[in-house]
Amino acid sequence: WFAEHGTHLARGRGWHRTWRFRLGVLLYYSGFVMLIWHDKLVRDLRSTEGPRYRIPVGGLFEYATCAQYFVELWTWAGFALISCGPNGLYIFLVSVVNLIPRAIRTHAWYLEKFGAEYPAERKFLVPLVW
């Protein structure tokens, strides 16, 4: 696609100075850093003695059950903006279609597993929203 239709990305056209590219870079790299951090929070749940399943805490986990999925979508949204084409948008949409149902099922599992112990104010995927 880029070879045939990506002529707007040719050297000297200034596409890398557009607001879309700059916002995409900001979203991509901030999302990537947050994804690594939230994955570490999840990995650290099993690094100490205790029950096999635990409630994640810290970061955006205070506001959403699947914070790691949210920041993954954040990262792919940035990539879609950077790519300026359907390739990045396709990856973002495939991730949305995959991660939203997983977030809903995961949230339901936490509610079933932990009951009243699980924070009722946590959302499925998007902190403070949904």
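This structure is a prediction, so every number in the text was calculated from the model and none was measured.
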Sequence neighbours excluded and cut-off under 3.5 Å, please list the side-chain donor-acceptor pairs for residues 91-104, or say none.
unit_1, atom_1, unit_2, atom_2, d
Ser95, OG, Ile91, O, 3.0
Arg102, NH2, Tyr69, OH, 3.1

Would you list the atom pairs, donor with acceptor, under 3.5 Å between side chains in residues 75-82 and any protein atom, with sequence neighbours excluded?
unit_1, atom_1, unit_2, atom_2, d
Thr75, OG1, Gly31, O, 3.2
Thr75, OG1, Phe32, N, 3.2
Thr75, OG1, Val71, O, 2.8

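Side chains of Leu73 and Phe70 form no contact here, defined as non-hydrogen atoms less than 4.5 Å apart. In this structure, Arg20 and Leu23 have side chains that are not in contact, with every pair of non-hydrogen atoms separated by 4.5 Å or more. Contact check for Tyr110 versus Pro56: side-chain heavy atoms found under the 4.5 Å cut-off.
Looking at residues two or more places apart in sequence or on another chain, you find no salt bridge (Lys or Arg N to Asp or Glu O under 4.0 Å) involving Lys113. With sequence neighbours excluded, no residue satisfies side-chain contact (heavy atoms from CB on, under 4.5 Å) with Glu112. Applying the ring pair (Phe, Tyr, Trp, His ring centres under 6.0 Å) test to Tyr29 and every residue at least two apart in sequence or in another chain returns nothing. For the side-chain contact (heavy atoms from CB on, under 4.5 Å) test, residues two or more places apart in sequence or in another chain that qualify with Val129 are Val126. Qualifying salt bridge (Lys or Arg N to Asp or Glu O under 4.0 Å) partners for Asp39, counting only residues two or more places apart in sequence or in other chains: none. With sequence neighbours excluded, the residues satisfying ring pair (Phe, Tyr, Trp, His ring centres under 6.0 Å) with Phe21 are Trp15. With sequence neighbours excluded, the residues satisfying ring pair (Phe, Tyr, Trp, His ring centres under 6.0 Å) with Tyr53 are Trp109. For Arg52, the side-chain contact (heavy atoms from CB on, under 4.5 Å) partners two or more places apart in sequence, or in a different chain, are Arg46.
Within 6.0 Å of OH in Tyr90 there are 12 or fewer heavy atoms belonging to other residues, nucleotides or ligands.
Residues in residues 116-127 take part in no salt bridge (Lys or Arg N to Asp or Glu O under 4.0 Å) pair, two or more places apart or across chains.
Judged by distance alone, the side chain of Glu72 and the main-chain N or O of Gln68 form no donor-acceptor pair under 3.5 Å.
Ile36 contributes atom CD1, which lies 9.0 Å from atom CZ of Arg43 (distance to the nearest 0.5 angstrom). Atoms CG and OH, from Leu35 and Tyr28 in turn, are 9.5 Å apart once rounded to the nearest 0.5 Å.
Relative ring orientation between His107 and Phe124 is described as tilted, the plane-to-plane angle lying within the 30° to 60° band.
Placement of Phe61 and Leu45 in two distinct hydrophobic clusters is found when ILVMFWY residues are connected by side-chain heavy-atom separations under 4.5 Å, directly or transitively. Taking hydrophobic clusters as Ile, Leu, Val, Met, Phe, Trp and Tyr residues chained together by side-chain heavy-atom distances below 4.5 Å, Leu111 does not share a cluster with Leu125.
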Kindly determine whether Leu41 and His38 satisfy side-chain contact (heavy atoms from CB on, under 4.5 Å), including the steps that lead there.
CA-CA 5 Å; Leu41 292 173; His38 284 83; 4.2 Å; yes

Evaluate side-chain contact (heavy atoms from CB on, under 4.5 Å) for Ser30 paired with Trp74, printing each intermediate quantity in order.
CA-CA 9 Å; Ser30 63; Trp74 174 339; 3.3 Å; yes

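Cluster partners of Val57, using a side-chain heavy-atom cutoff of under 4.5 Å among ILVMFWY residues and allowing indirect links: none.
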